[in-house]
Amino acid sequence: MQEGAQRLKKVLNSLESEGLLTTEQTNLVHTRFESLEGSDSQKSIFAEIAAYLGGAFISIATLFLVANIWDEAPRAVRVGALTVLAIALFITATLLGNVTAMRLRLTSVLSLGSAIAATAATGFAFDFDGAPSLPLSVGAVISLYAFIKYKHEILHVGTYGYLFITGLMILGSITSIEPEDSVVYPLYWIILASIWLYLSWTSMINQTLGYLISAATYFLATQFLFISDERFFSYLATLVIAPLLAWIFLQDRRWPLLLGAVLTTTFTTGEFVAATLGGSLGALLGLLAAGIALITTSMVAIRKSR
């Protein structure tokens with residue numbers, strides 16, 4: 001079985017290097033093949049669980065041990081310890097690589113841990129009066145590098161979270177304006193979501209997860225604009241976002257696209273009608289408009305599938 005696994009690995013790596021398979025497809029084949037190994041696969045699962053539990057126990061024990069001396073420790077000791085931890089996690093992740101699905105998950109967790117440790121080390125190394133944009137930028141670079149290299153779902157979510165928060169901190173440092181007083185912040189969310197939508201559309205990242213993250217960010221941006229009394233921009237963004245998600249759904253029928261289009265249309269339409277007419281009538285008309293939009297989109301999708 002081991003010899004067969006090695007041959008399969010060589011074939012898949014060759015197809016991936018030729019561009020005939022994506023990293024996600026290669027990992028999927030590895031996972032399915034490992035599931036056929038019976039007890040060996042179960043042993044790998046138990047070994048992975050043991051690794052996670054062992055790391056959690058070590059982390060908890062270390063936190064309790066250093067809790068009493070951490071506040072009194074010099075800055076150089078804090079920064080040095082966190083830097084060594086970040087480097088150790090990064091090297092370990094690199095050595096593990098992505099040979100199997102289990103090692104890829106471990107590599108992703110360790111890479112994200114390295115990014116977090118580097119963020120903390122940079123934060124302790126410098127004094128920040130405002131937003132900690134520099135520490136977050138360091139962590140974002142590490143997580144983004146790991147995500148580009150391994151493209152795992154864990155790194156997918158972690159990297160997007162880093163970019164989401166880091167962008168806000170950088171904008172706060174530049175503008176010195178609170179988020180509710182500026183359209184720059186939700187505009188950044190829309191730009192970031194659009195980049196993720198394009199990467200998902202071109203299959204450069206996991207499509208379902210990428211579409212879900214993009215749709216959720218679009219919805220958050222439109223709602224933030226409405227709450228911040230930037231209603232014109234909220235309506236304008238919805239007029240562009242909802243048809244865009246619906247159109248991509250007709251081409252690549254993935255549920256996050258339809259969900260995003262429906263939710264964005266539902267809430268924005270209801271808010272628009274309620275703001276103009278007010279009362280329960282506005283809410284009912286908003287619900288009616290959302291229902292019509294949902295039925296229309298579904299009918300078009302069904303007709304196209306036929």
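One-based numbering along the sequence shown. Because only heavy atoms are used, hydrogens play no part in the values below, and waters and symmetry mates are left out as well, while side chains stay in.
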About how many Å separate [atom2] of [Y] and [atom1] of [X], when rounded to the nearest 0.5 Å?
X	Y	atom1	atom2	answer
Thr159	Lys151	OG1	NZ	11.0 Å
Arg105	Leu110	CZ	CG	13.0 Å
Leu85	Ile116	CG	CD1	10.0 Å
Tyr162	Met169	OH	CE	13.0 Å
Tyr198	Thr202	OH	OG1	5.0 Å
Ile170	Ile165	CD1	CD1	12.0 Å

Practice problem: Can you label the angle between the Phe219 ring and the Phe267 ring as parallel, tilted or perpendicular, going by 30° and 60°? | Solution: perpendicular

Quiz prompt | Geometric class of the Trp196/Tyr160 ring pair [parallel <30°, tilted 30-60°, perpendicular >60°] | solution = perpendicular

Considering only heavy atoms from C-beta outward, does the side chain of [X] approach that of [Y] to under 4.5 Å?
X	Y	result
Trp255	Thr208	yes
Val157	Leu209	yes
Ile248	Tyr211	yes
Leu225	Arg231	no
Trp189	Phe224	yes
Phe147	His152	no
Tyr145	Val141	no
Ile213	Thr217	yes

Minimum heavy-atom separation for [X] and [Y], please, with both atom names.
X	Y	value
Ala237	Thr222	CB-CG2, 4.1 Å
Ala261	Ala246	CB-N, 4.1 Å
Ser214	Leu197	OG-N, 3.2 Å
Tyr150	Thr94	OH-CA, 3.8 Å
Ala86	Ala118	CB-N, 3.7 Å
Thr83	Val79	OG1-O, 2.6 Å

Quiz item: Out of Thr268, Thr265, Thr264, which one pairs with Thr238 under the side chain to side chain donor-acceptor pair (under 3.5 Å) rule?
Solution: Thr268

Quiz item: So among Ser111, Ser137, Ser114, which one has a side-chain contact (heavy atoms from CB on, under 4.5 Å) with Ile142?
Solution: Ser114

Quiz item: Is there a donor in the side chain of Ser203 and an acceptor in the side chain of Gln207, or the other way round, less than 3.5 Å apart?
Solution: yes

